[in-house]
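Step one of this worksheet: look at the structure below.
Just follow the structure's listing: the first ligand is 1, and inside any ligand the first atom is 1. Counting from 1, the numbers follow the sequence of the chain as shown.
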Amino acid sequence: MTAPAAAPAPAAPRKPSYNSCNVDSSIVAMTFDDGPHPKLTPRLLDMLKERNIKATFFVIGKNVAEFPDIAKRIVDEGHEIANHSWSHPQLTKLSPSAFAAEIAQTNDAIEKATGVRSVTMRPPYGAINPALTKRLNEEYGLSVILWSVDPLDWKIRKSDHVSGHIIKNAAPGSIILAHDIHASTVDAMPATLDALQSKGYKFVTVSDLIAMDRPAAPKVDSPKATP
Ligand code: NI
């Protein structure tokens, strides 16, 4: 065996949860929650396909059970499909057995529709705690994915606002939150995606972004920075 000429920078160890990733180039992950929606998700998939952009869809289990063909299309077109619970409750308010049902039923519905087992999970409302994160990591093999860019598209149903917020705030390693159940959000995507692409951004799935995550550089004030 010979040593490689230049060893690649080591990947950071997998973390229990992520708001964003530390990457060295202009790469972001677009994420779309709460679908699949019978009309809007296919329309969004067409927009992504036209631009050769890969995204991540955090789907609700009962919607997958209702629209399995759309879930399958998400996977067939190279996107990541991932768990967003069965019925969108605040997970932190559930009994342990109700929590388990929300997660397991959704994993099973996704696998039945697409053949894919989820490896990431987004808690509804971002409501999570360390104990539930540990259960998701250890019992279900799910990394918890939050976000670093939030256009509040569920509240402000204006495409100009959604695209403006995302374009202004996206940065290398951003995880961008949006919802493919609102027409205003889907309508915002052509301008959003085109603007980010023209700024040199590339789009990857959340799992691909995590795989590129690098340990953060030590802060100047940190004791670790002292030899
Ligand atoms: Ni949601």
Side-chain angles (χ1 to χ4, degrees), residues 16-20 28-45 48 55-68 70-71 73-75 79-94 98-110 113-114 116 118-129 132-133 135-137 140 142-159 161-163 165-166 169-170 174-189 192 205-207 209-210:
S17 73
Y18 294 85
N19 289 86
S20 63
V28 294
M30 280 299 311
T31 65
F32 297 98
D33 290 13
D34 297 356
H37 182 282
K39 292 205 167 61
L40 295 174
T41 305
R43 193 145 72 80
L44 173 60
L45 286 167
L48 297 172
T56 302
F57 290 79
F58 288 100
V59 293
I60 293 176
K62 65 180 183 181
N63 293 349
V64 172
E66 192 174 355
F67 306 111
I70 302 174
R73 185 179 162 194
I74 289 171
V75 169
H79 307 290
E80 180 169 359
I81 194 164
N83 192 320
H84 192 45
S85 82
W86 180 261
S87 64
H88 212 271
Q90 283 196 46
L91 298 177
T92 48
K93 295 189 170 176
L94 301 182
F99 169 82
E102 285 283 336
I103 303 307
Q105 284 179 34
T106 303
N107 276 350
D108 291 349
I110 291 171
T114 69
V116 168
S118 294
V119 295
T120 59
M121 196 275 158
R122 172 168 285 153
Y125 315 104
I128 197 70
N129 62 40
L132 293 183
T133 296
R135 279 192 75 184
L136 289 166
N137 292 172
Y140 300 96
L142 296 168
S143 296
V144 173
I145 307 298
L146 298 168
W147 55 83
S148 57
V149 177
D150 180 3
L152 297 176
D153 63 321
W154 56 274
K155 187 160 76 175
I156 306 170
R157 305 283 179 87
K158 290 182 183 155
S159 297
H161 167 82
V162 173
S163 54
H165 183 96
I166 294 173
N169 291 285
S174 290
I175 298 174
I176 300 167
L177 172 64
H179 296 79
D180 56 329
I181 56 165
H182 302 310
S184 44
T185 299
V186 174
D187 289 342
M189 284 304 118
T192 307
T205 64
V206 155
S207 284
L209 189 68
I210 288 173

Notebook entry, point to check: Leaving out waters, which are not shown anyway, how many protein N, O or S atoms lie closer than 2.8 Å to the Ni ion (ligand 1)?
Noted result: 3
Checklist line | His182 to Trp154 - nearest heavy-atom pair and separation | finding: NE2-CA, 3.6 Å
Margin query: Using the rule side-chain contact (heavy atoms from CB on, under 4.5 Å), only one of Val186, Asp153, Thr31, Leu40 pairs with His179; which is it?
Written below: Asp153
Note to self: Contact between Thr56 and His79 at the side-chain level, heavy atoms closer than 4.5 Å - yes or no?
What the structure shows: no
Margin query: Going by the rule ring pair (Phe, Tyr, Trp, His ring centres under 6.0 Å), which residues pair with His88 if we only count those two or more places apart in sequence or in a different chain?
Written below: His84, Tyr125
Check: Knowing that exactly one of Asn83, Ile128, Thr120 qualifies, which makes a side-chain contact (heavy atoms from CB on, under 4.5 Å) with Leu136?
Finding: Ile128
Checklist line | Check ion pair Asp187-Arg43 (N to O, under 4.0 angstrom) | finding: yes
